[in-house]
Structures are given as structure tokens and as C-alpha cells.
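Just so it is clear, the structure is predicted and the values come from calculations on it, not from any experiment.
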Amino acid sequence: MTGNRRRVIQWATGGVGVAAIRGVVEHPDLQLVGCWVHSPAKNGRDAGELAGIGPIGVAATSSVEEILDADADAVIYAPLLPDSQQVAAILRSGKNVITPVGWFYPRESEAAPLRAAALEGGVTLHGTGIAPGGFSDKFLLQLSALSTGISFVRAEEFSDLRSYLAPDVLRHVMGFGGAPEEALGGMMQKLLDGGFIQAINLVVDELGFAADPRILGSQQVAVATAPIDSPIGVIEPGQVAARRFTWEALVDGQPVVQVSVNWLMGEQHLDPSWTFGPEGQRYEVEVRGEPDFTFCVKGFHGEIGPDGEIGEETGITGTAAHCVNSVPAVCAAAPGIATYRDLPLLTGKAAPSLSR
């Protein structure tokens, strides 16, 4: 099997990137052959060491040209923010791209230049993830097969961000710890719109709703009423300590598809007094039809212990796994842009100690 393994490059080594490196190394059908890093301090270091698994003989590089010239089948592209020009260059170099930062159901104006780059390189672009790109669309659609006559579907995330140890992102991108008006007018709504509007459009198209083409987006904030310990330090009273985003597709003014994100710095000292409810942190899918049902998924969140100890942020690992496990199917797909409509059933693989 070794000679048939797909050769993979990891682009960026944030949380998703290091989890993807570990996933590629464990996957029996994949081989890590390269790693791009942004930080000069990481340049030249062993990718396995960056991922916390020890040396694997693959040196990281800050050279884009070196990555483009490398002999590889696929790139797992996982920077904090996407760059369509970078992705187009990777595609033109003849490498498939699997990414959790966009393009899992792009509209034609966004898709056209990337499709052209993919066709030029004879490869495929595939966007995936966990939300969006997972529970908010792909898994919601798969679960909808258990009902008929569907009138409404909902996908919702409930997350305690005290386990998300990325203070610069939390403060400067996600808007926590600042004034409510700054958060509401900041970049986060626009950043989220791209992916979640794609999720809504995919669900609308697959379920066949005669929905208004305009997706409605809204956001709310809750502020601290007392000091709250967080990864960005103490959030003081009056500062943003929770955020809620919702997107809806409407038929005759009534919601038929709803996707929401609830991000809280714990459940105490909030105004309004939002909570996760008795189910706690989770991803939740609701389908109204024949029958109605609600599906709750736990295990993708870092739990906060009674003494403030923080569990692993497993949603990041899940996002990376969805990318890693997509590589063989994407490499086998027809050149262009492959959405969930175009790929076969994907699964994980047995742990190396248990595999054939």
C-alpha cells in the first residue's frame, strides 16, 4: 500500500493544521511530504515536532515557491483567513486543495476563477469542515433523509469559548472583551456570512425549498455583569462576553432553514442571561416533517472543569479529520470544484494498531 499513498502538503500549522499533520501521519493511504508555515520561527523545523508527535523527516518551509514546485497530490489549506489567489496558484501547480476555510458550495461568481485554475492544473478544489461544512449542512442533509414532507430544518452550535486558547483571534477578530457597538460593527459577521450563507444555500437547493434568494443574517451580543475570567484576561462588566449569529432562508416570510452559532464565555454573569440549556455544549440538528426530530451531538468541545481546567478543543481536531479523510476522494474526483454532491461516502480509518 505504501507506493499508492497520496502525497500531502499541510499549509499552515495553527490548531487545525497541527491536527491535520497528526491525521495524515496516521492515515494508511496518505503520506506527508511538505509543510508551509507563516512564522519565520517555524521555518526549517520538523513538521512532526510542530504537531507534537516527534520528528517525521519533513521540514517546514516559509517559501510558497518551494511548495508550488513540490511533488504532491494534495494540499490541506488551513490558514486563519483564506486567500483565493494562493488557492488558485496551488491548483494551477497541479495539486488538489482540501480546505476548511471556504468554497464548499460557492456561487458561480466566486467559483469561476478557481474552477478555471483547477481545470488548468487538472485537479480539484473541495471545501469542508465542521460548521459550516459539516453539522450546518452536510450532516443536516443526511439526517433529513429520515423524514418526509419537511417544513423546517435548523442547525445550531452551542460553544463555551473559554476553551478556545487563541486570545488575539478572540479579541481582535471575534470581538470579545470590547464594547458592544464595536463587536456589532466589526468584521465577524462578514467573515461568517460567506461560509454560513453557502451552508444555507446548499440546504435550500438540496431540499428543494422555494426560498427567497436573499439570506437574512442577524447578530446579538451579551455583556458581562461581573468580571469573567477568559483566555483574553478578565472581561469587565459592560464588555462583550457572548455572541449569537443567525442566518435564515424564508418562504413567504417564514423561516424554512435556520443556522445559528452561540458563543459564550461561560453561562454566568451575562446580560441577557443566555445559557446552553440542560444539554450543555453541543451541535444540534432539528428537522420538522414526518416525523419531527432533534439530533444532538456532543464531544466536539473543550469542557471546562469545576476548578477551571480546560479540556481539549476537539472541534478543531474534528475539522482537521474531515479534511484529512476527504483527501483520497478529492484526488479521485473530476477536475474542477467538488462539493458534497460530487463525492462518495467518506469515513475515517482504523487506528494503526487495529488496522489490516
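Residue pairs meeting the side-chain hydrogen bond (donor to acceptor under 3.5 Å, both in side chains) criterion with at least one member in residues 231-246, sequence neighbours excluded: Q219-R243, R244-N262, T246-S260. Listed by first and then second residue, the ring pair (Phe, Tyr, Trp, His ring centres under 6.0 Å) pairs that reach into residues 225-254 are F196-W247, F245-W263, sequence neighbours excluded. Pairs of residues two or more places apart, or lying in two chains, that qualify as salt bridge (charged side-chain N to carboxylate O under 4.0 Å, His left out) and include a residue from residues 287-304 are E286-R288. The list of ring pair (Phe, Tyr, Trp, His ring centres under 6.0 Å) pairs with a residue in residues 15-53, not counting sequence neighbours, reads W11-W36. Applying the side-chain hydrogen bond (donor to acceptor under 3.5 Å, both in side chains) test to every pair with at least one member in residues 118-142, sequence neighbours left out, gives these pairs: T128-H322, T128-Y340, K138-H322.
Look at R214 and D212 and you find no salt bridge, because none of the NZ, NE, NH1 or NH2 atoms lies under 4.0 Å from a carboxylate O. Salt bridge annotation for R7-D29: absent, with no cationic side-chain nitrogen under 4.0 angstrom from a carboxylate oxygen. Between E284 and R154 a salt bridge is recorded (basic side-chain N to carboxylate O distance below 4.0 Å).
Counting only distance, with no hydrogens or angles, the side chain of E248 and the backbone of V256 share no donor-acceptor pair below 3.5 Å. Remark: side-chain polar atoms of D271 are not paired, donor with acceptor, to backbone N or O of T225 under 3.5 angstrom. In this structure, the side chain of R6 does not engage the main chain of Q31 through any donor-acceptor pair within 3.5 Å. A distance-only check finds a donor-acceptor pair linking the side chain of S230 to the backbone of G233 [under 3.5 Å].
Nearest heavy atom pair, residue A118 against residue P335, reads O-CB, 4.5 Å. Annotation for A60 and N43: closest pair O-OD1, 3.7 Å, computed over non-hydrogen atoms. Minimum interatomic distance between C296 and R282 (heavy atoms only, all atoms of both residues): SG-CD, 3.4 Å. Nearest heavy-atom pair, I200 versus A249, reported as atom, atom and distance to 0.1 Å: CG2-CB, 3.7 Å. Here the closest heavy-atom approach between residue A78 and residue Q10 is recorded as CB-NE2, 3.8 Å.
Summarising the hydrophobic clusters (Ile, Leu, Val, Met, Phe, Trp, Tyr; side-chain heavy atoms under 4.5 Å, direct or chained), the residues clustered with L50 are V37. In the hydrophobic clustering, where aliphatic and aromatic side chains (Ile, Leu, Val, Met, Phe, Trp, Tyr) are joined below 4.5 Å either directly or transitively, I310 groups with L165, I304.
Rounded to the nearest 0.5 angstrom, I21 CD1 and E26 CD are separated by 13.0 Å. Distance check: I130 CD1 to I316 CD1 gives 10.0 Å after rounding to the nearest 0.5 Å. Here the CD1 atom belonging to I9 is positioned 8.5 Å from the CG atom belonging to L68, to the nearest 0.5 angstrom. Rounded to the nearest 0.5 Å, atoms CD1 (I337) and CG (D342) are 10.0 Å apart. With rounding to the nearest 0.5 Å, the separation of OH in Y105 from CG in D205 is 3.5 Å. The CD atom of Q281 sits 5.0 Å away from the NE2 atom of H301 when rounded to the nearest 0.5 Å.
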Apply side-chain hydrogen bond (donor to acceptor under 3.5 Å, both in side chains) to residues S159 and E157 and explain how you reach the verdict.
CA-CA 6 Å; S159 297; E157 172 189 347; 2.6 Å; yes
Given I56 and L32, is the side-chain contact (heavy atoms from CB on, under 4.5 Å) satisfied, shown in steps? CA-CA 9 Å; I56 58 174; L32 191 77; 3.6 Å; yes
Pair I228, M265 - check side-chain contact (heavy atoms from CB on, under 4.5 Å), show working. CA-CA 8 Å; I228 297 174; M265 289 293 183; 4.3 Å; yes
Given side-chain contact (heavy atoms from CB on, under 4.5 Å), test V101 with L81 step by step and report yes or no. CA-CA 7 Å; V101 294; L81 298 174; over 6 Å; no
So V33 and V8, side-chain contact (heavy atoms from CB on, under 4.5 Å) or not? Walk me through it. CA-CA 6 Å; V33 297; V8 179; 5.9 Å; no
_Verdict with supporting geometry, F135 and F300, ring-ring contact (aromatic ring centres under 6.0 Å, His included)_ = CA-CA 11 Å; F135 292 110; F300 288 103; 5.8 Å; yes
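With sequence neighbours left out, the salt bridge (Lys or Arg N to Asp or Glu O under 4.0 Å) criterion links R92 to no other residue. Not counting sequence neighbours, the partners of R341 by the salt bridge (Lys or Arg N to Asp or Glu O under 4.0 Å) test are E206.
Cluster membership for L141 and F209, using ILVMFWY side-chain heavy atoms within less than 4.5 angstrom, is shared.
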Only distances under 3.5 Å count here; give the side-chain donor-acceptor pairs of residues 108-116 to other protein atoms, sequence neighbours excluded, each with its distance to 0.1 Å.
from, atom 1, to, atom 2, distance (Å)
E108, OE1, R115, NH1, 3.3
E108, OE1, R115, NH2, 3.3
E108, OE2, R115, NH1, 2.9
E110, OE2, W103, NE1, 2.9

Which atom pairs, one a donor and one an acceptor, fall under 3.5 Å between side chains of residues 12-19 and the rest of the protein, sequence neighbours left out?
from, atom 1, to, atom 2, distance (Å)
T13, OG1, K42, NZ, 3.0

Only distances under 3.5 Å count here; give the side-chain donor-acceptor pairs of residues 170-191 to other protein atoms, sequence neighbours excluded, each with its distance to 0.1 Å.
from, atom 1, to, atom 2, distance (Å)
R171, NH2, I232, O, 3.0
Q189, NE2, D193, OD1, 2.8

